[in-house]
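Below: one structure, written as C-alpha cells.
Both counts, for ligands and for their atoms, begin at 1 and track the order of listing.
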Amino acid sequence: MKMDGCSKTCVYLLFLMLIIDLFFNAMPCVSFTSYVFGDSLVDAGNNDYIFTLSKANSPPYGIDFKPSGGRPTGRFTNGRTISDIVGQALGAKSFPPPYLAPNTQSDALHGGINYASGASGILDETGYLFIGRIPLSEQVKYFEENRSYMVNAMGENVTKEILNKAIFSLTIGSNDVLSYIQPSIPFLGHNKVSPTLFQQFMVSNFTIHLKRLHELGARKFIVVGVGPLGCIPYVRALNLLPSGKCSVEVNEFIQGYNNKLKDTLKQLNKDLGPQSVFVYANSYDIFMRIIMSYRQYGFEDSDGPCCGGYFPPFICLKGKNGDNSSVMCSDRSKYVFWDAYHPTEAANLIIAKELVDGVGDESITSPINIRQLYNYNYSK
Ligand SMILES: *[C@@H]1O[C@H](CO)[C@@H](O)[C@H](O)[C@H]1NC(C)=O
Ligand SMILES: *[C@@H]1O[C@H](CO)[C@@H](O)[C@H](O)[C@H]1NC(C)=O
Ligand SMILES: *[C@@H]1O[C@H](CO)[C@@H](O)[C@H](O)[C@H]1NC(C)=O
Ligand SMILES: *[C@@H]1O[C@H](CO)[C@@H](O)[C@H](O)[C@H]1NC(C)=O
C-alpha cells in the first residue's frame with residue numbers, strides 16, 4: 001500500500017483536531033474558586049461546630065435549601081445565601097464548604113472555603129453576648145494557615161496563580177453596627193465612642209484585614225457594605241416603630257459607615273494598582289429599594305419576619321411535634337424577611353442578581369460588577 005501523504009479523511013481529522021484544540025484553548029477557565037468571609041448573612045455552617053447562641057441548625061432553617069433536601073445546614077435563611085447564589089451565577093458547581101466542617105478536606109482548599117461565622121464582626125469584641133463566634137481577624141488567620149498548607153502541597157507559584165483568580169468576598173459589619181446601637185447594659189456597658197469615631201474604627205480595622213489578605217495573594221475582592229438594618233424586624237421592634245417605618249437614625253449611621261468604606265476601597269484600588277480590584281457591593285440601596293417597593297418585586301410583606309413572629313424574642317424554631325406551620329408564614333416567597341434579622345432566599349436572589357450583572361449603574365457595584373470582576377484578567 002502506498003502512503004500518499006494525507007487522505008481526504010485524514011485531512012478532515014486533522015482539521016477537526018485543530019478546531020477542537022482551538023476551541024479548548026480559547027475557552028475561558030470555568031473553574032471557580034471563592035473564599036467567603038463574613039457573618040450570619042453568609043455563614044454556611046461554621047457555627048454548627050462551635051459553642052454559641054448564634055446557630056441555625058434546626059428546622060425550619062434550610063427548608064428550601066435543595067442540596068440538603070430541606071434540612072438545616074447552618075445557613076441563617078430558608079434557602080441559599082447571597083454568596084451561594086453569586087457563586088452559582090458565575091458557574092460554580094458546588095458551594096465552598098464550611099471551614100470547620102470535619103469533612104472539609106484539604107483538596108477543597110483550592111476550590112474555596114467558607115470562613116463566615118454568625119454573630120461575628122469586624123471588631124473582635126463584637127458579638128460577645130453570643131459567646132462563640134469567629135471574628136474577621138480569626139477568619140483571616142485561618143485562611144493564612146490554609147494557604148501555608150497549599151504552598152507546601154502545590155508550591156508558591158501554583159498557589160499564587162490560584163489565588164490570583166479566586167474571588168474573596170467579605171460580608172461583615174452588621175453585627176458591629178447592631179452592638180453599637182444596642183442600648184447599653186447598665187454596669188456592663190462601657191461608654192460609647194461617637195458615631196463617627198466608631199465608623200472609623202470599623203473601616204480602619206476592616207482595612208487592616210483587607211491589606212493582609214492582599215499580602216497573602218488575594219487580588220479580586222468583593223466588599224459588601226452594611227444593609228439598611230434600621231428596617232429589619234429586630235431593630236423596628238427595639239425602637240417600637242410602627243409598621244412600614246425604619247429607624248432613620250440607624251440607617252444614617254450605616255450610610256455614614258458605607259460611604260467611608262467606599263472611599264477607602266477607592267483609595268485601595270488606586271494605591272495597589274491594576275493587579276488587584278476591590279469591588280464595593282452596595283447592598284444597602286438594593287435592599288432598601290426592595291423594602292420600599294416590595295410589591296413591584298412580587299412580595300406581600302416587607303415588615304415582619306416569615307418565621308418567628310413580629311415580637312421579641314423572635315425565635316424561629318419548629319413547634320411541638322415537628323409542626324413548622326405555627327412558626328412560619330404560608331408563602332415564603334412573598335416575604336422579604338425570613339427571621340427578625342435575615343432576608344429570605346427570595347430577597348437574596350434579587351440582591352445577588354443585581355450585584356453580579358447590574359450594569360450601567362455605579363451605585364450598585366463599583367468600579368465594576370461581579371461578573372466583570374470574575375472575568376477580569378490582568379496581565380503585565
Ligand atoms: C485549615 O486551617 C485550619 C486551622 O489551622 C486547620 O485546622 C485545617 O486543618 C486546615 N486545613 C487544611 C486542609 O490545611
Ligand atoms: C516560580 O516563579 C518564579 C518567577 O516567575 C520563577 O523564577 C521560579 O522558577 C518559579 N518556581 C518554580 C518552582 O516553578
Ligand atoms: C480598631 O478598633 C478598636 C476599637 O475596637 C480601636 O481601639 C482601634 O484603634 C482600631 N484600630 C484601628 C487601626 O483603627
Ligand atoms: C414542615 O416541615 C416538613 C419537613 O420537616 C415539611 O415536609 C413540611 O412541608 C413543612 N410544612 C410546611 C407548612 O412547610
Side-chain angles (χ1 to χ4, degrees), residues 29 33 37-39 54 109-110 115 117-144 147-166 170-185 188-219 221 223-226 229 250 253-254 256-268 270-276 278 280 377-380:
C29 181
T33 303
F37 301 82
D39 54 29
S54 171
L109 288 178
H110 64 269
Y115 298 94
S117 163
S120 70
I122 295 168
L123 307 177
D124 287 352
E125 59 269 28
T126 289
Y128 72 95
L129 287 175
F130 293 91
I131 309 174
R133 76 275 177 207
I134 310 162
L136 182 58
S137 60
E138 230 164 293
Q139 295 180 27
V140 172
K141 227 174 269 160
Y142 288 155
F143 169 73
E144 187 168 352
R147 181 189 177 280
S148 304
Y149 181 95
M150 287 169 74
V151 170
N152 281 335
M154 297 183 272
E156 187 75 51
N157 288 0
V158 174
T159 302
K160 214 168 162 182
E161 207 148 295
I162 291 168
L163 299 184
N164 258 337
K165 291 186 209 139
L170 300 99
T171 308
I172 199 149
S174 295
N175 293 312
D176 302 283
V177 172
L178 289 176
S179 75
Y180 181 76
I181 63 163
Q182 224 122 42
S184 45
I185 303 164
L188 243 180
H190 25 214
N191 288 335
K192 277 183 187 173
V193 298
S194 76
T196 308
L197 190 54
F198 192 76
Q199 291 163 354
Q200 280 164 3
F201 279 168
M202 283 175 68
V203 173
S204 53
N205 277 277
F206 204 169
T207 307
I208 292 170
H209 302 309
L210 291 171
K211 285 188 172 161
R212 181 68 193 137
L213 287 172
H214 181 267
E215 276 170 18
L216 293 168
R219 291 296 175 266
F221 293 86
V223 182
V224 183
V226 174
L229 298 178
V250 171
F253 177 81
I254 292 165
Y257 161 75
N258 282 342
N259 286 335
K260 289 187 176 69
L261 178 63
K262 193 176 172 182
D263 288 346
T264 300
L265 297 177
K266 218 183 240 173
Q267 195 59 44
L268 284 175
K270 231 186 249 162
D271 294 348
L272 297 174
Q275 295 93 332
S276 55
F278 293 81
Y280 172 68
N377 191 0
Y378 178 80
S379 40
K380 6 119 247 290

Item to complete: Compute the ring centroids of Phe198 and Tyr180, then answer whether they are less than 6.0 Å apart.
Response: yes

Fill in: Closest protein heavy atom (residue, atom, distance) for atom 14 (O) of ligand 3
Ser204 OG, 2.4 Å

Discussion item. Any heavy-atom pair between the side chains of Phe206 and Leu170 that's under 4.5 Å?
Written reply: yes

Practice prompt. Starting from atom 9 (O) of ligand 3, locate the nearest protein heavy atom and write down its residue, its atom name and how far away it is, to 0.1 Å.
Written response: Phe201 CE2, 3.7 Å

Worksheet item: If you count the atoms of ligand 3 from 1 in the order shown, which ones are under 4.0 Å from a heavy atom of Leu123?
Response: 2 (O), 5 (O)

Practice prompt. Starting from the C-alpha separation in whole Å, work towards a yes-or-no answer on salt bridge (charged side-chain N to carboxylate O under 4.0 Å, His left out) for Lys141 and Glu144.
Written response: CA-CA 5 Å; Lys141 227 174 269 160; Glu144 187 168 352; over 6 Å; no

Discussion item. Can you confirm whether Thr159 sits close enough to Arg147 that some side-chain heavy atom of one is under 4.5 Å from a side-chain heavy atom of the other?
Written reply: yes

Practice prompt. Answer yes or no: are there more than 12 heavy-atom neighbours, outside His110 itself, under 6.0 Å from its atom NE2?
Written response: no

Practice prompt. May I ask you to check if ligand 3 and Glu125 share an N or O to N or O distance below 3.5 Å?
Written response: yes

Discussion item. Please verify the inter-ring angle class for Tyr115 with Phe143; under 30° counts as parallel, over 60° as perpendicular, anything in between as tilted.
Written reply: perpendicular

Item to complete: Verify the contact flag for atom 7 (O) of ligand 2, where contact means a protein heavy atom under 4.0 Å away.
Response: no

Worksheet item: Are Asn175 and Thr126 linked by a side-chain donor-acceptor pair shorter than 3.5 Å?
Response: no

Worksheet entry | Protein non-hydrogen atom found under 4.0 Å from atom 2 (O) of ligand 2 | yes

Practice prompt. Just let me know how Ile208 lines up against ligand 3, side chain, backbone, both or neither, with a heavy-atom cut-off below 4.0 Å.
Written response: side chain

Response to the item:
Of all protein heavy atoms, the one nearest atom 13 (C) of ligand 2 is Asn157 ND2, 4.5 Å

Item to complete: Could you tell me whether atom 11 (N) of ligand 2 has a protein heavy atom closer than 4.0 Å?
Response: yes

